[in-house]
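So that we are looking at the same thing, I have put the structure below in structure tokens.
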Protein chains: 2
Amino acid sequence: MDTVATLRAFNRTWGRRSGVLDESFLGTGRAYGSARLLFEIEKPVTVRDLRTRLGLDSGYVSRLLRGLQREGLVDVSPDPEDRRRRVVSLTAAGRRARGDLDDRSEGLARGLLAELSPRLADELGQVLGRADLLMRAATVTFEVVDPAGPDARTAVGAYLDELDRRFPSGFDAHEADHDADAMGGATGRFLVARSDGDVVACGGVQTLADGVGEIKRMWVHPDWRGAGLARRMLGRLEQEVAGLGHRVVRLDTNDTLVEALSLYRSAGYREIERYNDNPYARHWFEKRLTGSRAR
Amino acid sequence: MDTVATLRAFNRTWGRRSGVLDESFLGTGRAYGSARLLFEIEKPVTVRDLRTRLGLDSGYVSRLLRGLQREGLVDVSPDPEDRRRRVVSLTAAGRRARGDLDDRSEGLARGLLAELSPRLADELGQVLGRADLLMRAATVTFEVVDPAGPDARTAVGAYLDELDRRFPSGFDAHEADHDADAMGGATGRFLVARSDGDVVACGGVQTLADGVGEIKRMWVHPDWRGAGLARRMLGRLEQEVAGLGHRVVRLDTNDTLVEALSLYRSAGYREIERYNDNPYARHWFEKRLTGSRAR
DNA sequence: TCCATTCTCTGACTTTAGTCAGAGACCTTG
DNA sequence: CAAGGTCTCTGACTAAAGTCAGAGAATGGA
């Protein structure tokens, strides 16, 4: 059976069986919509966030919240930082209701697994865990953002922390702010990959010289590695470099980042002479961009 | 992360992403309900079957069918065998509409996979295929049926065919009818495991002597092997033996069926002397039933 | 042949899940 | 401080997805 057919078959199986897992909502007399909302309010969150995370109409969310409020499950109050926004948080009763849904959902999952031997249940966990990562990775969205904005700063922060941990002599991040400028404006770009609103990977492009771009700050969240995100990010960044009018991409890296080295090599980069004075770099790569569309 | 948590996490991921796969229905201006119905009518089927397969109210199905009929997608006519029942079948236009949905759904699956490298897409197919089997196996239902009924006959037929193929000297099935009697009535039982209406495994129990039951005709559909069904069927059959008031189960088997041999050994059966004159048997097993509940 | 049961259908109803067009409060920028 | 934009809410609406209570035909068994 080919992969497309497998995916579709699984979709049908899961759809038919999902009652086994989802009926939690019906069991509690709570409609799917408001239960979904309840699950999404872990900690205080703005109405807008809820809306975008669940992809719902503002009127609809407002109405659902009104319902939960009437039941005494949530508090809605203006956000002190911007009083147009409103912040929703669970009350004690709300936490209890959420816990009930949780328990019920957990019970259903447990019941399903109980039908399998421990070995097979464990195997199901393994394959679903892997499928989960791959599905999430396949549905990531790439987005150009301001390198000085909060998403970029958080991602780059995580990247720099990791360098500091992994480089034998640590990493001194004092130059990070200067970089942000170079990756914004007309001669640079900064990309993030987002899944359910979370930033899971990032990467930047800046101009070295006319016709020559450089890729920097490429990073994938540790939980998201092994799902092809780095290669896709690299391809997107190359597209951005081409979009800036360059024909050549360069980048540098350190020996410690072994997965990066093999990625660059397999993506068609060839090693060149030192082209900058980055004290942490040990390898310098270059790739000539062709018209072909990168993955 | 424990298995239950993985299952729940996957359920959420899939739920959120399933739009990527299911929106096929919205794309065609066809409501989810009637599209589902259209998919279920592969070959002519009774209204009742549709209802039970999809778990819907009779009035609702009737109304949906009326809609499809108005669009000229299905024919509904009385079942000649029982004119209370009505049989639904696709018209040429119905097959075309179904094909459209199929294509669209396939396109969406393809689009999702296109985001992954071929290697990872293939891996996703592998893990989802395995998850599919395990999920279906976990949600199988066991049912006592008449050993002379159509489900039992079909399953036993497949079993005997397999013996005929696998035994070096073939298998002569002339005694099958006699057996059916012994597994019905007050001194025997016949079980099938069913998934979405299909019989995927079977097994029977008969009485050898007071206090001694025998398990026979245990079979799992080839596509469903490796998912623990045989072990579960064995456990259920042992429960039936106990339910008939016996304390001891016996069974026989042939060397060719290696997976059966190791199943019996690992399930606590010990080999005993020949207790019957079955010319195909090479091994005879016995297990003393305890009060403990078998899986 | 009668009676209980089965099967499908219809009409009347409800709930859920949304969409859409403003209104009003608030924020940012020139 | 005016203008334009953002954020949430309300009211009015719609479509989909069912549910429920029979009615009417057909069947199976006593």
Side-chain angles (χ1 to χ4, degrees), chain A residues 15-16 18-19 22-41 44-71 74-89 146 149, chain B residues 15-16 18-19 22-41 44-71 74-89 101 146:
Chain A
R16 288 190 179 173
S18 70
D22 277 348
E23 230 125 52
S24 38
F25 307 119
L26 290 112
T28 55
R30 186 170 309 288
Y32 180 69
S34 59
R36 221 165 25 136
L37 218 56
L38 216 47
F39 266 117
E40 213 61 38
I41 312 168
V45 65
T46 64
V47 174
R48 161 154 271 275
D49 274 6
L50 282 178
R51 215 161 56 215
T52 53
R53 277 216 297 247
L54 295 172
L56 299 173
D57 174 85
S58 79
Y60 184 39
V61 169
S62 182
R63 214 174 310 281
L64 288 175
L65 283 174
R66 220 50 54 230
L68 293 176
Q69 207 174 14
R70 255 200 313 281
E71 291 186 74
V74 300
D75 277 333
V76 184
S77 56
D79 182 345
E81 290 190 4
D82 178 344
R83 293 194 0 258
R84 289 170 302 186
R85 281 205 284 260
R86 311 199 65 196
V87 179
V88 188
S89 54
D146 177 3
Chain B
R16 288 189 179 174
S18 71
D22 277 348
E23 230 125 52
S24 38
F25 306 118
L26 289 110
T28 55
R30 186 170 307 290
Y32 180 69
S34 59
R36 224 168 18 139
L37 217 57
L38 216 48
F39 265 117
E40 214 61 39
I41 311 167
V45 65
T46 64
V47 173
R48 159 155 272 273
D49 274 5
L50 283 178
R51 217 161 54 214
T52 54
R53 276 216 295 246
L54 295 172
L56 299 173
D57 174 85
S58 78
Y60 184 40
V61 168
S62 181
R63 213 174 310 281
L64 288 175
L65 283 175
R66 222 49 54 229
L68 292 175
Q69 206 174 14
R70 256 199 313 280
E71 291 185 74
V74 300
D75 278 332
V76 183
S77 56
D79 182 347
E81 291 190 3
D82 178 342
R83 297 202 347 264
R84 289 170 303 185
R85 282 205 283 260
R86 311 200 64 196
V87 179
V88 188
S89 54
L101 289 177
D146 178 2

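In what follows, every chain begins at residue 1, and chains take the letters A, B, ... in the order their sequences are listed. Every heavy atom of this structure was used, including side-chain atoms; hydrogens, water molecules and symmetry mates were not.
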Residue met sooner reading DNA chain C from 5', once Leu56(A) and Asp49(B) are mapped to nucleotides
Asp49(B)

So do the side chains of Thr46(B) and Val88(B) get within less than 4.5 Å of each other, counting heavy atoms only?
no

Can you tell me if the side-chain N/O atoms of Arg86(A) get under 4.0 Å from OP1 or OP2 in dC7(D)?
no

Rounded to whole Å, please give me the gap between CZ in Arg48(B) and C1' in dC9(C).
14 Å

Gap between atoms CZ and C1', on Arg70(A) and dT10(D) respectively (whole Å):
13 Å

Contact residues, residues 59-66 of chain A to DNA chain C [heavy atom, < 4.0 Å]:
Tyr60(A), Arg63(A)

Separation of Gln69(A) atom CD from dT8(D) atom C1', in whole Å?
12 Å

What is the distance, rounded to the nearest whole Å, between atom CG of Leu68(B) and atom P of dA17(D)?
12 Å

Pairwise side-chain contact, Leu68(B) with Leu37(B), heavy-atom cut-off 4.5 Å (strictly under)
yes

All N/O donor-acceptor pairs, side-chain side in residues 47-58 of chain A, below 3.5 Å, sequence neighbours left out:
unit_1, atom_1, unit_2, atom_2, d
Thr52(A), OG1, Arg48(A), O, 3.2
Thr52(A), OG1, Asp49(A), O, 3.1
Arg53(A), NE, Glu40(A), OE2, 3.0
Arg53(A), NH2, Glu40(A), O, 2.9
Asp57(A), OD2, Gly59(A), N, 2.7
Asp57(A), OD2, Tyr60(A), N, 3.1

Does dG18(D) have OP1 or OP2 sitting under 4.0 Å from an N or O in the side chain of Arg36(B)?
yes

For nucleotides 22-27 of chain D, give me every protein contact, N/O to N/O, under 3.5 Å, one pair per line with atom names.
unit_1, atom_1, unit_2, atom_2, d
dT27(D), OP1, Arg83(B), N, 3.1

Would you kindly give the CG-to-C1' distance between Asp57(A) and dA15(D), to the nearest whole Å?
15 Å

Approximate separation, where rounding is to 0.5 Å, of Leu65(B) CG and Ile41(B) CD1:
6.0 Å

Take atom OH of Tyr32(B) and atom C1' of dA17(D), then tell me their distance rounded to the nearest Å.
11 Å

Looking only at heavy atoms, what is the nearest atom pair of Val76(B) and Arg66(B), with distance?
CG2-NH1, 4.2 Å

Enter the distance from Ser62(A):OG to Arg86(A):CZ here, rounded to the nearest 0.5 Å.
8.5 Å

